[in-house]
Structures are given as C-alpha cells and as structure tokens.
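To start, the structure itself, in structure tokens.
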Amino acid sequence: MTGPNKHDDARSSRSPRPARAGRVVLSARDYLKSTPGQTAEQIGPAAENAGNRRSSTPEDAQTRTCGEAVAPENGDAVRPQTRSNRPQRPSARPSAHVTERPASRPAERTSSASKRPANRTAPRPDAHPAGQAAARPSKRPATRSSARPAPTLYAGSGPDQNPLRRIVLVAGVVAACALLFFGISNLFSTCSAPPTEEEPAAEAEAESPPTPEERLAALPAVETGLAELDLPTGTEPQAFAPAPAEGSAVAVQPVLSDASKAAIDQAFAPFAENDRSFGFALVDLGTGRGIASNVDAVFYGASSFKGPYCVYFCQSQIETGLVTRDDFVTSGVMSESGVFSSQGSDLIGSMIESAILFSSNDTYGALRYDYSDDALAAYLEGLGVDPALAYDTWFPHYTVRDGVRLWLNASEYLSSGTETAQWLAGLLERDETSYLREALKDEGVQVQSKPGWSMESFENGEYNALCDAGIVAKDGRRYLVSVMSNIPYTTSNVDLFEVVIAAVFAARGDLA
C-alpha cells in the first residue's frame with residue numbers, strides 16, 4: 001500500500017472539472033483505447049476525455065498494480081467498486097505468420113498489466129484529480145507484451161517476408177527475361193542473316209562426272225543390226241562405232257584410253273604364257289559403239305553354244321507352231337555318254353530348262369539328235385554366221401565375231417515380249433553358272449548368258465575353253481558381251497578369267 005503521490009501537490013494546482021451526475025457515456029474512440037476490465041467511471045466520460053490528458057507516471061503504474069485507491073488530499077474517501085472483468089480482447093488480430101520461436105523456449109514475460117487482478121477498486125468519479133490520474137489507463141493495451149516480436153516465416157498470406165525466397169524469385173525473373181531477350185535477338189539475327197552458301201562437299205557431289213550410261217544416253221540412238229555392226233580386226237583392243245548412214249556426217253570415232261588398255265593387258269597377264277589367248281567384244285546396243293579384240297580367232301565354244309541353239313529352237317520350232325513345250329520327244333536315243341532321253345518320258349520344255357539351268361549335255365544332245373542339222377545350218381547362214389558350225393559336233397568351235405552375231409539375234413528375240421521369249425529369258429537370267437554375272441555382281445547389273453568350259457585336253461589344247469557370252473543390262477543401257485579363250489577350266493583360272501571380264505566391261509567408259 002502506498003501513500004499519496006509526492007507529485008500530487010503540483011497537479012492539484014490545476015482546476016479539476018466538475019463531475020457529471022448520472023450515467024457516464026463513453027465515446028467509441030475512448031472505448032477502443034481503453035484497457036480491458038476498466039469501468040466507464042475509470043475511463044471517464046466522453047466530454048472529459050476530449051480535453052487535457054496527462055501522461056502516466058511510474059507511481060500511477062504502481063498504484064494500478066497494487067489495486068489500491070489513493071486517498072485525495074481533501075479527505076474524501078474513495079468508495080471501492082468491484083466489477084467482473086469483461087473478456088479481454090486480444091491486443092492485435094491473430095497473425096497468420098508462424099513464429100520462428102522454438103517450442104521449448106519459455107514464454108515471454110508478461111507485462112505488469114497482465115498481473116492485475118480480475119477485480120480491482122477504482123476511484124469514484126468525483127474523487128481528487130490526483131486519484132483520477134492514477135486510475136487513468138495508459139495508451140498501450142494491458143495485454144500487449146513489451147518484448148520485441150519474434151521473426152516470422154511466410155505462411156501463405158500477406159506479403160512474402162522471407163528474404164531468401166525474394167532473392168530466388170528475383171533471380172528467376174531475371175533469368176526468364178534474359179532467355180526471352182536472347183530468343184528474340186536470335187530470331188531477328190536468323191531472319192536478317194543472308195542465305196548461307198552451299199557446302200563445298202554438296203557442290204562437289206552435284207558436279208560429279210556423269211556415269212558411262214549417262215554419257216551414252218546423250219548420244220544419238222542407232223538401231224544396231226547385223227549390217228551396221230562392223231567389228232574391227234586385229235589382236236589389239238580398240239574402240240569402234242557403226243558406219244554413218246548415207247548422207248550423214250562422219251561420226252566421231254571413240255578412242256580406247258591407255259589406262260583401259262593397260263588394265264585389260266594386266267588382267268590377262270597371268271595367261272600370257274603357254275600359248276594362251278583370248279578374244280572379246282563389248283557393244284552398246286543403243287549406239288552400236290563398242291570395244292573389240294581378236295574377234296576372228298577360233299575358240300572351242302564348249303557348252304556356250306547351248307544358249308544360241310535354244311534360241312534357235314524356240315524361234316524356228318516353238319514360235320512357228322511346229323512343236324510346243326509340252327510335246328514329248330519323238331524317240332529315245334543312245335550314245336557313248338548314255339541315254340539322252342527315255343522313250344516318251346521327257347517334255348521339250350523340261351529338256352530346254354535342263355540344258356540352260358544345269359548345262360545338261362544329255363538333254364541338249366537329245367534335241368540335237370531329233371532335229372535336223374540342215375535346218376540349223378540354214379538358220380546360221382541367215383545370221384551371217386558360218387553354216388559349218390551346224391556340222392561341227394554338238395559343241396562347235398567358233399569366233400567372237402560369230403558369237404556377237406548369234407547374241408545380237410538373241411537380244412532381239414528375248415526382248416520381243418512373246419510368251420516363249422520371256423520364258424527363255426528367265427532361264428538365261430538364273431542359270432546355275434555365269435562368269436559374266438559373277439564378275440559384275442558389284443556393278444548392279446542384270447545378266448542373261450550361257451557360259452562354256454572344258455578342262456585341260458590332250459589334243460594340244462584344242463578343247464581347252466573358258467568362255468561366256470550374253471546380254472548385260474545396267475541403268476537402262478543394254479550391252480552385248482562375248483569373251484572367249486583357250487584357257488583350261490580350273491578354279492583359280494575361273495577367278496582370273498572373271499578379272500578379264502571386269503576389265504573389259506570397265507572400258508565402256510571410253511565409248512562416249
């Protein structure tokens with residue numbers, strides 16, 4: 001309990017306002033500024049609060065804490081009044097922020113106002129001004145803590161108070177703006193840049209030299225016939241062209257390059273000894289131009305003659321209607337090699353297939369026996385071929401020139417489009433053995449051919465043979481190729497012979 005405030009004498013010089021009688025009315029402003037638990041008389045009427053208000057002193061706070069009324073100097077007793085405290089209002093709206101204060105940290109020290117008992121005595125309204133001043137509340141709410149509030153983290157409402165989050169957001173915005181600026185500038189630079197020139201590699205590919213087929217296709221087309229085909233003589237490889245038509249300008253003759261000559265000589269070099277020789281001819285059937293060497297030398301044709309003979313049989317017998325592929329052979333024959341055909345057991349079509357696909361000597365011999373050689377001799381003479389071939393056994397000797405004329409006729413027939421011609425062309429495309437097809441397999445060609453071969457003979461090599469002839473198609477061009485030799489058949493000789501064929505075919509580049 002404390003006595004009168006030592007400063008009350010100085011304050012008593014002020015003239016207090018007279019107290020109003022009756023009920024005290026508070027303004028909304030005074031009510032909001034009041035401390036929870038104060039009565040209207042303690043706050044003072046609205047009219048009195050509108051005037052002078054002094055600041056609270058430490059003695060006033062002590063007086064409020066102890067809950068005692070100070071006796072005024074004039075001796076008037078202060079009538080204690082008790083009133084149940086109204087529910088305290090929170091000093092501030094509950095914050096949505098989450099405090100960073102740990103759960104184990106003790107609670108903040110409560111202010112002196114929170115220690116005030118729920119029921120307290122208050123001075124009467126007509127008490128001494130010093131007593132009124134002691135009971136007047138301060139501006140700070142009683143429930144508000146004097147301690148500094150703890151820092152909070154952003155919990156989703158209100159402005160973001162986390163500095164790290166702000167830094168991250170600002171950095172993200174700056175990065176997005178930079179990327180956007182870079183993309184726009186790159187777009188403008190691409191649109192405004194001049195068109196790039198083509199790469200040198202692309203230009204080199206576009207300017208690559210044309211293939212032999214493309215150069216030959218640019219030349220005037222000539223219908224190659226037996227009359228126009230004039231193969232050169234001599235043993236040296238050389239290029240040629242058909243004789244110009246009457247009244248036309250003299251055609252420029254192709255020249256075989258030194259490189260092509262050297263390649264052909266090098267390919268034949270392994271056979272240059274022991275009286276080995278060969279002859280060849282290559283003709284572009286679109287222009288009549290070609291390369292030839294030793295075309296008049298006579299070689300043993302062996303089975304290579306089976307191809308031209310089957311063409312003859314189809315043309316003269318099947319196409320004329322004398323026989324069909326489903327007819328039986330008329331008789332069975334015997335020979336030193338055995339039975340060519342049993343009585344009435346083989347069809348003509350199957351015998352031709354066996355002669356082409358598997359180079360069967362038996363079925364070929366049966367056809368030769370049953371049909372007259374005189375008819376074959378007349379056929380050969382009509383092609384400009386020596387008719388004596390019809391009587392020179394069933395496997396005659398003949399020249400490259402004869403072989404070119406036989407296959408020139410075969411080319412015209414195979415491309416005629418008849419049913420029998422297409423059937424025979426299919427056989428010649430898939431025969432079991434073809435040196436031309438094997439030698440040119442990497443050239444992407446289609447080959448129709450019939451080869452011939454014979455092992456080493458004891459009659460001074462008279463029946464030695466490695467040869468092949470036929471039609472080679474590549475990129476829309478058709479070439480007639482015939483290569484003959486007196487080289488005996490062995491596996492190693494076949495490989496070397498195919499090298500000769502490849503060198504001859506590569507020389508076609510000199511024709512245009």
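From a predicted model like this one, the values you see are computed outputs, not experimental measurements.
- Nearest heavy atoms, Ser303 versus Asn361: OG-OD1, 4.0 Å.
- Applying the side-chain hydrogen bond (donor to acceptor under 3.5 Å, both in side chains) criterion to Asp495, with sequence neighbours excluded, gives no partner residue.
- At distances below 3.5 Å, at least one donor-acceptor pair connects side-chain atoms of Arg437 with backbone N or O atoms of Glu429.
- When all heavy atoms of Leu380 and Ala390 are compared, the closest pair comes out as CD1-N, 3.9 Å.
- For Arg478, the salt bridge (Lys or Arg N to Asp or Glu O under 4.0 Å) test picks out no residue, with sequence neighbours left out.
- Counting only distance, with no hydrogens or angles, the side chain of Ser485 and the backbone of Leu466 share a donor-acceptor pair below 3.5 Å.
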Verdict with supporting geometry, Tyr413 and Thr418, side chain to side chain contact (heavy atoms under 4.5 Å, CB included) = CA-CA 9 Å; Tyr413 172 69; Thr418 66; 4.1 Å; yes
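- The shortest side-chain heavy-atom distance between Thr399 and Val295 does not fall under the 4.5 Å cut-off.
- Remark: the Lys450 side chain and the Ser359 side chain contain an N/O donor-acceptor pair separated by less than 3.5 Å.
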Just do the side chain to side chain contact (heavy atoms under 4.5 Å, CB included) check on Ile356 and Leu428 with the steps written out, would you?
-> CA-CA 7 Å; Ile356 297 295; Leu428 293 169; 3.8 Å; yes
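- Counting only heavy atoms from C-beta outward, the side chains of Phe305 and Leu389 approach each other to under 4.5 Å.
- No donor-acceptor distance shorter than 3.5 angstrom exists from the side chain of Arg276 to the backbone of Ile487, with no hydrogens or angles considered.
- Across all their heavy atoms, Gly301 and Tyr398 have their closest contact at CA-CE2, 3.7 Å.
- Panel note: side chain Arg477, backbone Ala473; no donor-acceptor pair is recorded below 3.5 Å.
- For Phe240, there are no ring pair (Phe, Tyr, Trp, His ring centres under 6.0 Å) partners two or more places apart in sequence or in a different chain.
- With sequence neighbours left out, the side-chain hydrogen bond (donor to acceptor under 3.5 Å, both in side chains) criterion links Asn486 to no other residue.
- The shortest side-chain heavy-atom distance between Ile348 and Phe313 falls under the 4.5 Å cut-off.
- At most 12 heavy atoms of other shown residues, nucleotides or ligands fall within 6.0 angstrom of atom CD in Glu236.
- For the atom pair Ser482 OG and Ile471 CD1, the distance stands at 10.0 Å (nearest 0.5 Å).
- A donor-acceptor pair under 3.5 Å is absent between the side-chain atoms of Gln253 and the main chain of Ala239, judged by distance alone.
- Remark: the backbone N or O of Arg289 is not paired with any side-chain donor or acceptor of Asp284 at under 3.5 angstrom.
- Residues satisfying the side-chain hydrogen bond (donor to acceptor under 3.5 Å, both in side chains) criterion with Tyr489, sequence neighbours excluded, are absent altogether.
- At least one donor-acceptor pair under 3.5 Å links the side chain of Glu214 to the backbone N or O of Thr211.
- Every side chain to side chain contact (heavy atoms under 4.5 Å, CB included) that Arg215 has, sequence neighbours left out, goes to Pro210, Pro212, Ala512.
- By the salt bridge (Lys or Arg N to Asp or Glu O under 4.0 Å) test, Asp386 is found to be paired with no residue, residues two or more places apart in sequence or in another chain being considered.
- Looking at heavy atoms from C-beta onward, Val504 lies out of side-chain contact with Ile501 at the 4.5 angstrom threshold.
- Remark: side-chain polar atoms of Thr320 are paired, donor with acceptor, to backbone N or O of Ser316 under 3.5 angstrom.
- Screening residues 469-488 for ring pair (Phe, Tyr, Trp, His ring centres under 6.0 Å) gives Tyr479-Phe505 as the qualifying pairs, with residues at least two apart or on separate chains.
- Residues satisfying the side chain to side chain contact (heavy atoms under 4.5 Å, CB included) test with Asp468, not counting sequence neighbours, are Ser434, Tyr435, Leu436, Ser449, Pro451.
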Side chain to side chain contact (heavy atoms under 4.5 Å, CB included) between Tyr391 and Leu376, worked out = CA-CA 9 Å; Tyr391 307 103; Leu376 175 61; over 6 Å; no
Show me the donor-acceptor pairs within less than 3.5 Å that the side chains of residues 259-267 make with the rest of the protein, sequence neighbours left out.
{"residue": "Ser260", "atom": "OG", "partner": "Ser257", "partner atom": "OG", "Å": "3.0"}
{"residue": "Ser260", "atom": "OG", "partner": "Asp510", "partner atom": "OD2", "Å": "2.6"}

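- Here the shortest heavy-atom pairing between Pro242 and Gly288 reads CD-O, 3.3 Å.
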Given Leu216 and Leu511, is the side chain to side chain contact (heavy atoms under 4.5 Å, CB included) satisfied, shown in steps?
-> CA-CA 7 Å; Leu216 287 170; Leu511 298 180; 3.9 Å; yes
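- Checking Tyr379 against Asp374 by side-chain atom types alone, no donor-acceptor pair falls below 3.5 Å.
- Here the side chains of Glu353 and Phe358 are not in contact, with every heavy-atom distance at 4.5 Å or above.
- Across all non-hydrogen atoms, the minimal contact from Cys467 to Met484 is CB-CA, 3.7 Å.
- A distance of 11.0 Å separates CG in Leu367 from NZ in Lys306, rounded to the nearest 0.5 Å.
- Taking the six-membered ring for Trp and the full ring otherwise, Phe268 and Phe278 have centroids separated by under 6.0 Å.
- For the pair Thr393 and Arg368, the tightest heavy-atom approach, listed with the atom from each and the gap, is O-NH2, 3.8 Å.
- Atom CD of Gln317 sits about 12.0 Å away from atom OG1 of Thr420, to the nearest 0.5 Å.
- Taking the six-membered ring for Trp and the full ring otherwise, the centers of His397 and Tyr463 sit less than 6.0 Å from each other.
- Pairs passing the side-chain hydrogen bond (donor to acceptor under 3.5 Å, both in side chains) check and including a residue from residues 291-302, sequence neighbours excluded, read Asp296-Arg401.
- Applying the ring pair (Phe, Tyr, Trp, His ring centres under 6.0 Å) rule to Tyr364 yields the partners Tyr309, Phe395; only residues at least two apart in sequence or on another chain are considered.
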